[in-house]
Every structure is written in structure tokens, then in C-alpha cells.
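Data block below; observations after.
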Number of protein chains: 2
Amino acid sequence: MDAKRNGSAKRHPIQVVARRTGLTADVLRAWEKRYGVVEPSRSDGGRRLYSDEDVERLRLLHRASEAGRRIGRIAGLSTEALRDLVREDERQEARAPGPGGPAPGAGPHLAAAWRAMDAFDARTLESVLLRATLSLGAPAFVEEVAAPLLRRVGDGWARGEVHPGNEHLASAVLRQVLASLVTSCAPAGGAPTLVVATPSGQGHEFGALFAAAVGAADGWRVVYLGADLPGDEIARTADRTGAAAVVLSLVHPEADPATAAALAELGETLDEDTALLAGGAAAPSYGPALGAAGAELVDDLQALRVRLDRVAAARPA
Amino acid sequence: MDAKRNGSAKRHPIQVVARRTGLTADVLRAWEKRYGVVEPSRSDGGRRLYSDEDVERLRLLHRASEAGRRIGRIAGLSTEALRDLVREDERQEARAPGPGGPAPGAGPHLAAAWRAMDAFDARTLESVLLRATLSLGAPAFVEEVAAPLLRRVGDGWARGEVHPGNEHLASAVLRQVLASLVTSCAPAGGAPTLVVATPSGQGHEFGALFAAAVGAADGWRVVYLGADLPGDEIARTADRTGAAAVVLSLVHPEADPATAAALAELGETLDEDTALLAGGAAAPSYGPALGAAGAELVDDLQALRVRLDRVAAARPA
DNA sequence: CCCTTGTTGTCCACCGTTTGTCCATGTATG
DNA sequence: CATACATGGACAAACGGTGGACAACAAGGG
């Protein structure tokens with residue numbers, strides 16, 4: 001255990017620290033000046049540079065302050081003591097009745113869906129999923145209900161706990177709900193177009209459906225092509241629809257030659273103005289092919305939304 | 001626009017790189033000159049030709065810079081280090097606003113709705129609102145879009161900035177969207193029933209609609225009665241539907257005798273097992289009448305949800 | 001209970017540095 | 001010739017640092 005790290009100790013500018021801690025840059029400076037809460041080093045032009053430890057400490061201070069502690073009283077505490085304090089405070093708060101209750105709560109929806117699936121009750125499952133979309137919104141539904149449900153189905157199936165029948169039922173209903181999400185979203189006039197597909201060799205469709213649902217909720221006109229499409233077909237569709245972006249989902253076969261070929265083809269035929277984004281568990285295994293095609297890797301749906309937002313903002317009208 | 005991606009010759013002109021990275025050609029040159037961020041090879045005539053690796057590196061630099069890093073400080077990092085840095089920044093940042101919360105952002109929806117209202121475009125307004133519900137979920141939609149929209153309409157109308165026609169348009173469309181939210185929520189079997197209404201003398205309907213939408217999204221079977229109902233009528237409906245809770249919205253006339261009478265009547269005729277909740281701007285002015293009727297005051301929709309949740313949890317099945 | 005006092009988040013003005021953008025000019029490309 | 005690009009320089013906007021003011025609020029004293 002070394003108290004100090006070598007030159008690789010990360011030093012963050014104030015803006016990054018502000019975003020990571022949720023504090024304002026103003027507050028960061030005020031706390032430092034008034035209570036000496038941290039002592040960031042300075043660089044060249046006298047700008048603050050915070051270490052990871054500083055960020056951790058500031059985060060704790062923020063949480064403690066939000067729990068009602070006065071910053072002047074806790075500023076002198078050691079980081080260890082702070083950690084204990086925050087833990088204690090949050091335990092108390094969880095126990096309290098909590099008028100400021102959080103309560104977004106995807107848990108009940110997931111549990112209900114799970115029960116309906118076990119009971120082989122397609123109608124109830126569909127109604128549960130529909131209510132979940134209404135309650136949480138499409139993006140949260142996808143991330144907090146659809147994806148976990150699918151994962152649990154997969155795990156259960158691998159372990160023999162879920163019968164193929166149940167698995168098919170859940171898949172079919174989920175697919176239908178996601179598709180209805182995509183189509184029921186009336187596209188606003190002048191909305192940019194997004195083409196979603198899975199290239200040849202990639203049979204798993206759900207990643208693409210997730211992306212399509214999220215894109216539709218964020219205001220895109222979504223053209224959903226489904227799974228296992230040759231590259232030039234995707235490119236042609238993008239061309240004809242004037243798509244601003246193409247999203248590919250790569251999940252199951254890693255480093256598959258057919259998929260790589262489709263990617264190459266897509267890269268050659270796709271218009272250069274069209275942004276090309278790729279995600280999914282298998283996406284990293286196609287790194288070089290994606291790079292050559294001019295595609296950008298997105299780690300998860302959240303990152304996809306950010307990227308799409310930027311693409312939409314970049315186009316004039 | 002006919003230019004296609006050239007996968008075989010791996011060198012891209014500056015304009016293509018600009019599009020793919022989201023950076024300006026000017027910025028590309030500036031970064032190269034000032035910080036030596038990449039070293040593209042040159043064509044015979046001296047034009048820059050970037051490789052795929054250059055594009056990748058520039059993308060990472062762009063993302064890091066958008067995360068709050070100063071370009072001058074990260075320009076010297078290796079591409080590997082950059083990748084780590086970007087990944088960490090984006091992960092940490094997503095955590096900042098809330099525990100797992102992806103920072104939805106109702107602003108754009110509100111702005112779009114405002115524009116559609118100004119333009120007198122009912123169709124667009126409806127589509128905007130529907131997309132907002134899909135994107136945010138019903139509860140967040142009500143609190144972050146519907147309520148602010150209504151408030152701004154009211155303010156603008158009072159100040160003469162909004163014409164009565166626009167105001168009516170917005171009200172009608174919003175009412176319709178909220179009503180469709182309530183009805184389109186398929187009630188699960190065994191879901192508890194919630195009766196929502198406005199007692200006699202209370203003409204403002206939107207508070208009740210908000211409550212109905214939120215209740216429906218949270219899994220209640222909602223019976224929406226609308227505005228201006230005598231107390232015994234509300235009680236009778238609750239009785240016949242076996243309602244577990246009744247929600248009243250009191251907004252406009254404060255301390256109105258007719259309303260007070262309706263509340264007294266309701267208190268006398270309503271089953272004791274049925275929870276009675278009341279909210280709205282005018283609710284405090286009916287404090288004594290509500291107390292006598294056995295009603296509980298809820299300050300806002302969030303409090304209403306918490307309270308309803310408790311009622312639902314209290315009943316066996 | 002009210003009133004005074006200390007605390008704390010926010011905002012402002014002023015200044016130097018960093019950084020994005022723009023312009024003028026010249027040159028290659030088609 | 002029109003377009004796209006390179007180069008160098010200029011410039012403005014954004015950002016960060018400092019010091020200080022201010023309003024909202026909580027705490028403590030009478």
C-alpha cells in the first residue's frame with residue numbers, strides 16, 4: 001500500500017470533478033477556500049487539478065451535505081470518518097418513512113413479468129410489459145425490464161429452469177411489445193431518420209429492437225430492418241430513406257467471417273454523411289472491420305443515446 | 001454526396017474525418033498544429049490523409065474534450081490511455097445525477113410542445129405529447145411536461161401572451177392525451193381500484209386527470225369520473241366498484257360552500273375501508289371539511305404515489 | 001416567541017489563459 | 001474556373017482563478 005502514487009496519479013480539471021461529484025464549480029472553490037476541504041495541486045496557469053482521492057472525498061462530502069449535515073461541521077473529518085458517517089446517514093434515511101421517496105421502481109414490473117412468464121400467461125405478460133413502458137418510459141423500460149428479463153430467461157434456460165416453451169413465449173411477447181413501441185411513436189415532421197439492423201450472420205434480434213425502441217422514444221424516425229441483412233441492403237435502405245444514422249447490433253457470433261464481410265460491404269457502399277454506430281456484446285470482436293467501415297463503437301444504450309443526440313444536433317434541420 | 005467510403009485505400013481527406021469525428025476541419029488543423037495530436041500523411045499536393053487509427057484517436061479526443069478535459073492536457077496521451085480515460089469519464093458521469101438514472105431530460109419535449117401550440121398545430125402537439133409519454137413514462141410526463149405546459153399556458157394567458165384559441169387547443173389536446181393514457185393502461189387482474197374525481201363546485205379537471213394518469217401507470221384500475229360531482233355520487237361509484245381509494249382534486253374555487261357540502265356528503269356516505277386522498281392548490285383551504293370527511297391531504301403527485309403505494313400494499317389481494 | 005447572528009450556496013466583476021473560429025492568401029484538383 | 005485544402009495570423013468566446021457581495025436559511029440568544 002503506497003500512500004502516494006507515482007506520476008500516473010490522475011489529475012482532473014475542475015469541470016470533470018464538478019460532473020463527477022454533482023457539485024458546482026463555484027461550490028468546489030468555495031469549500032476549498034472556506035474550509036480547506038481538499039487541496040488540489042495546480043498546473044501551469046494556476047488551474048486546479050484534483051486527484052481521484054479528492055473526488056472520492058468530495059463525493060462523500062456532497063452526500064453528507066445532502067443528508068442534512070452542515071458542511072462547516074464535517075469539512076475537517078477524515079475521509080474514513082466521512083465514509084462511516086454517510087453510510088450511517090443513508091441507513092437512517094432508508095428506514096424513515098421518506099416523504100421525498102424515490103420510487104421509480106422497475107422491480108415490481110420485472111417480478112410481475114417473471115410470474116406471468118412462469119404461468120404461461122401471454123395476455124398478462126403483454127399487459128404487464130405495456131404498463132411498464134407507460135410507467136417507466138421506453139428507455140428505462142428497455143434497460144430495467146426488457147434487458148434483465150431477457151437475461152434471466154437466457155440464464156434460466158441454460159440451467160434448465162426455464163422450459164423452451166416459456167422462453168419462446170417471453171421472447172415473442174417482448175418482441176411484439178418492442179415493435180409496437182417503435183411503430184406507435186408518431187414521427188415528428190422533420191425528424192431525422194435512423195436505420196436499425198443486424199448484419200449477415202448475426203441472428204440475435206433483440207439488441208437491434210432495443211436500439212430501435214430507444215431511438216423512437218428519442219424522436220427519431222426509425223426504419224427497423226430486423227436481423228441478418230447483407231451490407232449493401234442496409235446501405236441501400238439508408239440511402240433511400242436519407243438516414244442520418246445507421247445502428248448495428250452485434251451479439252452472438254463473434255468474429256464471424258460472414259458478418260465481417262457484410263461490414264466491409266456496408267463500409268464501401270454507405271454514404272459518408274451517414275453516421276454508423278455499432279454496439280452489442282460481440283461488437284468489440286469486430287473492431288478492425290468496424291474501424292475500416294468508419295463505424296463507431298458504443299458501449300451501451302446510454303452511450304447510444306448520447307451519440308444519436310449529437311448526430312441529430314449536428315444536422316441543420 | 002455520391003462519395004462512398006473507400007475501405008481499400010485507408011486514407012481519408014479532412015472533410016470525411018470531420019464528419020466522422022464531429023470535429024470541424026478547422027479544429028482538426030488547429031489541434032494538429034498546436035498539440036501535434038495526430039500526424040496524418042500527405043498527398044502529393046500536400047493534403048492531409050488520415051488513417052483509421054487517426055480517426056479513432058480523434059474521436060476519443062473529442063469525447064474526452066466534451067467530458068470537460070482541456071485538449072491541451074490530454075493531447076499527449078496514448079490512444080490506449082485515452083480509451084480508458086473516456087470510458088471512465090462517461091461511466092462516472094452517468095452516475096452523477098442519480099443512482100442509475102440516465103438523465104432523461106424533459107426540456108426538448110416541453111419546447112416542442114410550446115412551439116406546436118404557438119403554431120396552432122394540434123396534430124403535431126398531440127404527437128409531441130405522445131412521444132413524451134413514451135420517452136419519459138407517465139409520471140415523469142405529468143410532472144415535467146404536462147404540468148409545466150399548463151402552468152405556462154395559464155401565465156401566458158394572464159399576461160395576454162397566449163390567445164384563448166391557443167389555450168383551448170393545448171387544453172383539449174392535453175386532456176385527450178391524458179385520457180388515452182388512463183384508458184390504454186390495461187388493468188392487471190386483481191389490481192385495486194381507484195376512483196378519481198372533482199367534487200361539486202370544482203371545475204378544474206386537470207389535477208384529477210394528472211392523478212388518474214399517475215395511478216393508471218402505477219397499476220391501479222382507474223375509474224375516472226371527471227369534474228364537478230356531488231359527494232354521494234362519488235361515494236356510490238366507489239362502493240359499486242369496490243374502490244380501495246378515492247382521490248379528489250381541488251384547484252380553483254377556494255373555500256367554496258358547494259364544495260364543502262359535497263365533501264361533507266362524501267364523508268358521510270363513503271365506506272370506511274376506502275382511503276380518501278385530496279390534493280391540489282385549493283385543498284388546504286378545505287382543511288376542516290377534509291378532516292371531518294376522513295380525508296388525507298397530499299402535497300403533490302409524488303406524495304400521492306407514495307400514499308397509494310401504501311394503500312395497495314395494505315390490502316391482501 | 002422574535003430577533004440577531006453565523007452559515008452557505010450563488011452570483012458578479014475583473015483578469016489572464018486556453019481554445020474554437022474566422023479570414024486572407026496561395027495552391028492543388030477536377 | 002470553381003472547389004477544396006494549406007498556412008499563418010488574428011480574434012472572440014469560453015473557461016478558470018480571485019475577491020467580494022448577497023439572499024436564504026439555520027442556530028442561538030434574549
Side-chain angles (χ1 to χ4, degrees), chain A residues 11-50 54-55 58-77 89 100 272-273 310 313-314 316, chain B residues 1-4 6 9 11-51 54-55 58-77 89:
Chain A
R11 305 224 159 268
H12 313 286
I14 195 169
Q15 190 60 51
V16 169
V17 178
R19 290 194 207 181
R20 286 194 182 185
T21 59
L23 295 163
T24 322
D26 268 330
V27 173
L28 287 174
R29 285 188 281 260
W31 283 8
E32 179 188 337
K33 178 166 60 170
R34 291 175 182 157
Y35 320 107
V37 129
V38 291
E39 233 180 272
S41 57
R42 306 297 184 110
S43 187
D44 300 356
R47 318 211 148 179
R48 275 164 249 257
L49 291 176
Y50 298 81
D54 291 337
V55 173
L58 287 166
R59 254 196 198 140
L60 290 169
L61 284 166
H62 186 203
R63 283 159 74 179
S65 139
E66 271 190 336
R69 305 273 172 186
R70 307 195 51 146
I71 182 61
R73 303 240 162 236
I74 58 177
L77 268 54
D89 280 351
E272 296 215 326
D273 288 343
R310 198 168 307 159
Chain B
M1 52 179 77
D2 286 342
K4 304 296 183 185
N6 198 336
R11 308 271 145 188
H12 314 286
I14 195 169
Q15 200 53 54
V16 170
V17 178
R19 271 200 274 264
R20 288 195 187 176
T21 57
L23 295 163
T24 322
D26 272 327
V27 173
L28 288 175
R29 284 187 282 260
W31 282 8
E32 180 187 336
K33 176 167 61 172
R34 291 175 181 156
Y35 320 107
V37 131
V38 290
E39 258 183 59
S41 55
R42 302 298 184 112
S43 77
D44 300 340
R47 314 208 151 181
R48 275 165 250 258
L49 293 176
Y50 296 82
S51 69
D54 291 337
V55 172
L58 287 165
R59 272 180 179 156
L60 290 170
L61 284 165
H62 186 199
R63 285 160 78 175
S65 137
E66 276 194 338
R69 309 261 163 198
R70 317 287 135 212
I71 182 62
R73 293 203 66 81
I74 57 175
L77 268 54
D89 275 351

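In what follows, chains are A, B, ... by sequence order, proteins preceding strands, each numbered from 1.
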Among all residues two or more places apart in sequence or in another chain, which pass the salt bridge (charged side-chain N to carboxylate O under 4.0 Å, His left out) test with B/R73? none
Calculate the interatomic distance between A/L28 atom CG and C/dG9 atom P; express it in whole Å. 11 Å
Heavy-atom contacts under 4.0 Å between residues 67-77 of chain B and DNA chain D, which residues? B/R70
Check: A/Q15 and B/R70 side chains under 4.5 Å, non-hydrogen atoms: yes
Under 3.5 Å donor-acceptor pairs involving side-chain atoms of residues 26-41 of chain A, not counting sequence neighbours:
| from | atom 1 | to | atom 2 | distance (Å) |
| --- | --- | --- | --- | --- |
| A/E32 | OE1 | A/R48 | NH1 | 2.7 |
| A/E32 | OE2 | A/R48 | NH1 | 3.1 |
| A/S41 | OG | A/L49 | O | 3.4 |

Rounded to the Å, how far apart are A/W31 CH2 and C/dT7 P? 16 Å
Working to the nearest 0.5 angstrom, can you tell me the gap between B/H62 NE2 and A/R310 CZ? 5.5 Å
Hits for side-chain contact (heavy atoms from CB on, under 4.5 Å) against A/R69, two or more places apart or cross-chain, chain-then-number order -> A/A64, A/I74, A/L85, A/D89
Considering only heavy atoms of chain A and a distance under 4.0 Å, specify the first and last nucleotide of DNA chain D in 5' to 3' order that meet this criterion. D/dC15 to D/dA27
Once you round to the nearest 0.5 Å, how far does OG of B/S65 lie from CG of B/L23? 7.5 Å
Let's go through B/V55 and B/T21 carefully: what are the C-alpha distance in whole Å and the side-chain angles of both, what is the deciding distance for side chain to side chain contact (heavy atoms under 4.5 Å, CB included) to 0.1 Å, and is it a yes or a no? CA-CA 7 Å; B/V55 172; B/T21 57; 4.2 Å; yes
Contact class for A/R48 (heavy atom, under 4.0 Å): base, sugar-phosphate, or nothing? sugar-phosphate
Smallest heavy-atom separation, B/A18 atom then B/A25 atom, equals CB-N, 4.1 Å
Between B/K33 (NZ) and C/dG20 (P), how many Å, whole number? 13 Å
Just report the end-to-end axis angle for the helix from C/dC1-D/dG30 to C/dG30-D/dC1, five pairs per end, to 10 degrees. 40°
Per-nucleotide protein contact along nucleotides 10-16 of chain C, 5' to 3', at a 4.0 Å heavy-atom cut-off (B base, S sugar-phosphate only, - neither), is BB----B
What are the two closest heavy atoms between B/G68 and A/P13, and how far apart are they? O-CG, 3.7 Å
In this structure, how many angstroms lie between the C1' atom of C/dT27 and the CZ atom of B/R29, rounded? 13 Å
Could you list by number each residue of residues 35-45 of chain A showing a heavy-atom separation from DNA chain D of less than 4.0 Å, or answer none if no residue does? A/R42
Given B/V16 and B/Y50, is the side chain to side chain contact (heavy atoms under 4.5 Å, CB included) satisfied, shown in steps? CA-CA 9 Å; B/V16 170; B/Y50 296 82; over 6 Å; no
So how far is it from B/S43 OG to B/R11 CZ, rounded to the nearest 0.5 Å? 12.0 Å
Show your working on side chain to side chain contact (heavy atoms under 4.5 Å, CB included) between A/R47 and A/I14 and close with a plain yes or no. CA-CA 8 Å; A/R47 318 211 148 179; A/I14 195 169; over 6 Å; no
